[in-house]
Every structure is written in structure tokens, then in C-alpha cells.
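All heavy atoms count here, side chains included; hydrogens, waters and symmetry mates do not. The chain is numbered in sequence order, starting from 1.
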Amino acid sequence: GTSSAIPGPDAKPEEIRAFRTKLGVPETADKYELKTPPEEAGWVKSIEEGFRAKALEAGLTPAQAQAMVDFHVGMVEGEAKSLAKAGLETEAALKTAWGGAYDRNWGFALTAIQEYFGDDGVALFSSSPLGNNVSLLKGLAAMGADLSEAGFVRGDAAPPADVQKEI
């Protein structure tokens, strides 16, 4: 008496909707009560809205939808930790390779990135694995030094502390 038949492939939309309602699928996408990180932590509300619509379309229960959000958040947090760890490893490798010239060479690398790739390039290098490639950064430092020696860059090539810290 309390069981429900699973709708077959030829079921009408209202039969599918009724079955999903019994499972706890909300009537509208905005009814999903998801626990998400704050926008300040990088969460994008417009993407969340699209996810809610897809979750409803797929017939996910609130628990299933939350499990998918939790998986995504965990994956992003894991990537961020991995990128941060790689950044520390890169910094250590460059400090070993460059010794006392680390700050100067780092400045040269940033100069080359800014000169050839602009602000978008600086953002890309600071937020992706590209900024953790030791060989690439050594090459960029050499390019920055060449730019400086050729007179294309004037003044101290060392970056401001806030820029270096951000990257």
C-alpha cells in the first residue's frame, strides 16, 4: 500500500513528477536548500542556480544534490591546497637555484610576464599551475633580465612585496 511503481519509459510527465515528489524531489529548483560556501570564498551563485535547475531536471533528491555540491567543494578545495603546496615547492626550488638573487630573478620573471602577457597573464600565472613551473619561471627570469639589460625595462625589476606575496 505504501510502495510506488517506478515510472516506465513511456510514463507521462505528471506520473514522473508524482513519483519524484514521493522521493522528496522539490517542485522547483529554488526549493533545494543547499549548504554552500560564501561568495567571498569563491562560490558563484549564478552557477549554483544553473546547478539547481539541472538537479531538478535530473530528479535529484535534496540529499543527492547536496552530495554533488559537497563533492565539488571538496574537489576545488583539494585543487587549491595542491596549488598552494606546489607554490611552496616552487619557491623552495627557485630559492635553492637562485640563492641570494631570488628576489631579483623573481622580479625579472614578473617583469617578463607583465611585459609579454599583461595583467591577464599575471593573473593566469598566479592562479594556475603555470606559476609553479620552475623551468618556465627560470626562462621568464632570463627574459626579464634580457629586457632590463636591453634597456626596455628601467628601474628596479624587483616586484613590490604585495605583488610577490599575491603570486
Side-chain angles (χ1 to χ4, degrees), residues 1-95 106-107 109-141 143 159-167:
T2 60
S3 64
S4 297
I6 298 173
D10 57 344
K12 296 177 184 165
E14 53 272 6
E15 293 172 322
I16 295 171
R17 197 173 319 112
F19 177 74
R20 288 180 174 175
T21 299
K22 287 181 181 179
L23 292 176
V25 175
E27 291 182 28
T28 59
D30 62 328
K31 299 290 187 203
Y32 282 103
E33 294 180 16
L34 301 174
K35 294 179 185 104
T36 60
E39 288 184 85
E40 297 82 37
W43 189 256
V44 181
K45 285 293 183 184
S46 61
I47 293 174
E48 179 183 330
E49 291 168 14
F51 170 78
R52 288 171 186 267
K54 277 295 183 188
L56 183 64
E57 181 183 316
L60 297 183
T61 65
Q64 291 168 328
Q66 186 64 54
M68 294 295 97
V69 168
D70 294 345
F71 172 76
H72 175 74
V73 169
M75 193 172 66
V76 169
E77 287 175 350
E79 288 175 8
K81 286 178 185 176
S82 176
L83 190 59
K85 180 182 177 200
L88 293 173
E89 291 169 354
T90 299
E91 181 179 10
L94 291 174
K95 282 184 176 182
W106 185 253
L110 290 176
T111 297
I113 294 168
Q114 182 67 52
E115 183 68 27
Y116 291 112
F117 303 102
D119 292 340
D120 290 342
V122 172
L124 176 66
F125 275 82
S126 67
S127 65
S128 76
L130 284 175
N132 291 325
N133 185 305
V134 173
S135 296
L136 181 61
L137 289 169
K138 285 180 178 179
L140 288 166
M143 290 170 63
D162 59 329
V163 172
Q164 184 172 346
K165 184 178 179 182
E166 182 178 330
I167 291 178

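The two residues Thr61 and Leu23 have their closest heavy-atom pair at CG2-O, 3.7 Å. In terms of heavy atoms, Pro62 sits closest to Gly24 at CD-O, 3.2 Å. Looking at every heavy atom in both residues, Leu56 comes nearest to Pro26 through CD1-O, 3.0 Å. Summarising the geometry of Ser4 relative to Lys22, their closest heavy-atom pair is OG-CD, 3.1 Å, with the distance given to 0.1 Å. Counting all heavy atoms, side chain and backbone alike, Asn132 lies closest to Gly87 at OD1-CA, 3.0 Å. When every heavy atom of Leu130 is checked against every heavy atom of Leu136, the shortest pair comes out as O-CD2, 3.9 Å.
The main-chain N or O of Thr111 is never found under 3.5 Å from a side-chain atom of Gln114 such that the two would form a donor-acceptor pair. A donor-acceptor contact shorter than 3.5 Å links the side chain of Thr21 to the backbone of Arg17. In terms of modelled atom types and a separation under 3.5 Å, the side chain of Tyr32 and the main chain of Val25 share no donor-acceptor contact.
Ser135 is linked by a side-chain contact (heavy atoms from CB on, under 4.5 Å) to Asn133, counting only residues two or more places apart in sequence or in another chain. Checked against side-chain contact (heavy atoms from CB on, under 4.5 Å), Ala18 has no partners two or more places apart in sequence or in another chain.
A 4.5 Å side-chain heavy-atom check between Met143 and Leu140 finds at least one atom pair inside the cut-off. Here the side chains of Phe51 and Met68 are in contact, with some heavy-atom distance below 4.5 Å. Between Trp43 and His72, the closest side-chain pair of non-hydrogen atoms falls below 4.5 Å. With a 4.5 Å cut-off on side-chain heavy atoms, Glu79 and Leu83 do not count as touching.
Under 4.0 Å is where a charged nitrogen must lie from a carboxylate oxygen, and between Lys81 and Glu77 no such pair does.
Atoms OG1 and NZ, on Thr90 and Lys85 in that order, are 11.5 Å from each other to the nearest 0.5 Å. Summarising the geometry, atom CZ belonging to Phe19 is positioned 5.0 Å from atom CD1 belonging to Ile6; distances are rounded to the nearest 0.5 Å.
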Run the numbers on Val134 and Glu89 for side-chain contact (heavy atoms from CB on, under 4.5 Å), then give the verdict.
-> CA-CA 9 Å; Val134 173; Glu89 291 169 354; over 6 Å; no
For Val73 and Thr36, what are the C-alpha separation, side-chain angles and deciding distance, and is it a side-chain contact (heavy atoms from CB on, under 4.5 Å)?
-> CA-CA 8 Å; Val73 169; Thr36 60; over 6 Å; no
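Applying the salt bridge (charged side-chain N to carboxylate O under 4.0 Å, His left out) rule to pairs touching residues 42-69 yields Lys45-Glu48, Glu48-Arg52, Lys54-Glu57, sequence neighbours excluded.
Heavy atoms from other residues, nucleotides or ligands lying under 6.0 Å from CD of Glu27 number 12 at most.
Centroid-to-centroid, the aromatic rings of Phe125 and Phe117 come within less than 6.0 Å.
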